[in-house]
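Each chain gets a letter, A, B and so on, in the order the sequences are listed, and its residues count up from 1. In what follows, every heavy atom counts, from backbone to side chain, and hydrogens, waters and symmetry copies are set aside. From a predicted model like this one, the values you see are computed outputs, not experimental measurements.
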Protein chains: 2
Amino acid sequence: MPDSPPSLDPVQLGAYFDLIEVTSLLRHAVEQQLREAGDLSYVQFQLLARLGDSPTGSHRMTDLADGVVYSRSGLTYQAGLLEKAGLVVRAPSPDDERSITVTITDAGRALLAKVLPGHIEVVRGLLFEPLSRDDVKALAGLLAPVRDHMRATPPRSAAPRRRKGGA
Amino acid sequence: MPDSPPSLDPVQLGAYFDLIEVTSLLRHAVEQQLREAGDLSYVQFQLLARLGDSPTGSHRMTDLADGVVYSRSGLTYQAGLLEKAGLVVRAPSPDDERSITVTITDAGRALLAKVLPGHIEVVRGLLFEPLSRDDVKALAGLLAPVRDHMRATPPRSAAPRRRKGGA
DNA sequence: GTCTACTGCTTCGAATTCGAAGGGCATGGC
DNA sequence: GCCATGCCCTTCGAATTCGAAGCAGTAGAC
């Protein structure tokens with residue numbers, strides 16, 4: 001069974017490469033800013049931001065891990081750091097006894113509020129500076145379906161190596 | 001000195017979040033595929049791909065590091081692994097005695113050829129599946145100026161806190 | 001009621017990452 | 001020619017990451 005032609009369009013290839021490079025550069029810049037502004041790593045910031053966004057200020061561990069695309073063990077580690085720093089609190093979920101609910105503290109909100117403007121400044125300066133309002137709209141319109149598609153796609157396992165006789 | 005309003009448009013925010021999530025998911029999927037197909041990390045694959053793309057099959061260490069947005073010490077480590085695996089060769093540059101030229105070997109090219117189809121398959125299936133040809137063109141058209149802008153922006157230091165008085 | 005399968009989080013060890021510090025070559029001023 | 005400055009790569013230590021294994025709690029079958 002012959003593979004499909006093993007190459008992407010030059011345009012696709014360029015888009016893919018640029019996507020990787022752009023996010024890498026953005027991530028490095030953002031990490032540096034967060035480190036300087038509040039001694040936070042990007043993951044930590046993402047976690048705080050996600051908690052701060054929640055109406056209750058809380059999330060389950062697993063949901064947080066899925067939200068920021070992170071391993072569970074890594075999240076345990078980071079949650080430990082954040083808790084030790086007094087930025088979040090962990091408590092067993094009243095509902096599921098095995099579940100842990102993470103809640104942002106006032107200190108966490110304060111730190112978030114402190115670093116957020118600088119963060120946004122970097123993102124705007126690097127990512128949105130060369131884009132018009134319509135450009136951004138177009139970009140958002142392109143990314144949304146991709147995001148949904150990726151979320152829907154079997155997230156982990158499902159190794160296609162499985163040569164099921166039938167399929 | 002009043003800051004600009006410290007928030008991004010909802011559209012901008014959505015685009016930013018989706019960008020991060022999409023690349024994170026893509027990266028995880030790609031890493032898993034590369035690991036299974038050829039026991040390569042993403043960085044290693046990027047390095048091999050970059051070398052394979054070069055007309056000479058070679059690059060200086062620094063250029064490689066800049067190309068894949070990586071730290072120099074990290075590159076030294078990875079180059080060591082790749083060399084130990086026989087996928088690349090390191091040699092002092094004939095020109096600059098202090099510079100090291102990394103060259104991909106036949107084994108490196110072979111491995112690259114072996115994992116590339118699967119890699120492309122994953123990228124196409126996750127990133128380009130929900131996008132039309134015109135969508136991809138639009139995406140490429142949006143990312144290119146951002147990439148150039150980021151490249152032009154002071155790559156490392158130069159904390160933008162510097163209120164450039166004159167220029 | 002009990003057993004089995006599944007979910008949620010944590011611990012553990014190994015691998016990777018980065019920044020700071022160090023050693024060697026190159027370039028321009030004198 | 002000689003020195004100061006800067007670039008290029010490497011070593012070093014500390015921090016972060018992940019997957020596999022382990023420990024609970026939950027849900028459904030019987």
For this session: Measure the shortest side-chain to side-chain distance between B/Arg27 and A/Ser24 over non-hydrogen atoms and say whether it is less than 4.5 angstrom.
Result: yes
Problem set entry | C/dT10 OP1/OP2 closer than 4.0 Å to side-chain N/O of A/Arg90 | yes
Exercise. Within this structure, what is the CZ-to-C1' distance between B/Arg27 and D/dT17, rounded to whole angstrom?
Worked result: 13 Å
Problem set entry | Gap between atoms CG and P, on A/Asp63 and C/dT7 respectively (whole Å) | 14 Å
Exercise. Is any side-chain nitrogen or oxygen of A/Ser99 closer than 4.0 Å to OP1 or OP2 of D/dG25?
Worked result: no
Exercise. For B/Tyr77 and C/dT17, is the shortest distance between a side-chain N/O and OP1 or OP2 below 4.0 Å?
Worked result: no
Problem set entry | Between D/dC8 (P) and B/Leu64 (CG): distance, integer Å | 13 Å
For this session: Figure out the CG/P separation between B/Asp96 and C/dG24, and round it to whole Å.
Result: 18 Å
Problem set entry | Integer-rounded Å distance: D/dC9 C1' and B/Leu82 CG | 16 Å
Seminar exercise, completed: Nearest-nucleotide check on DNA chain D, B/Thr76 vs A/Gln78; residue mapping nearer the 5' end is B/Thr76
Exercise. The side chain of A/Leu81 lies closest to which of these nucleotides: D/dT16, D/dT17, C/dC9?
Worked result: D/dT16
Problem set entry | Heavy-atom donor-acceptor pair, A/Gln33 side chain to A/His119 backbone, under 3.5 Å | yes
For this session: Could you check A/Leu47 against A/Leu82 for side-chain contact (heavy atoms from CB on, under 4.5 Å), going step by step and ending with a plain yes or no?
Result: CA-CA 9 Å; A/Leu47 295 175; A/Leu82 290 176; 4.0 Å; yes
For this session: Specify the separation, in whole Å, of atom CE of B/Met61 and atom P of D/dC8.
Result: 12 Å
Exercise. Do the side chain of A/Arg98 and the base of D/dT26 come within less than 3.5 angstrom through a donor-acceptor pair of N or O atoms?
Worked result: no
Exercise. Is the base of C/dG19 touched by the side chain of B/Ser73 through a donor-acceptor pair closer than 3.5 angstrom?
Worked result: yes
Problem set entry | Within 6.0 Å of CZ in A/Arg90, more than 12 heavy atoms from elsewhere | yes
Exercise. Within less than 4.0 Å of OP1 or OP2 of D/dC8, is there a side-chain N or O belonging to B/Arg60?
Worked result: yes
Problem set entry | Among C/dT17, C/dC25, D/dT16, the nucleotide that comes nearest once only the side chain of B/Glu97 is considered | C/dC25
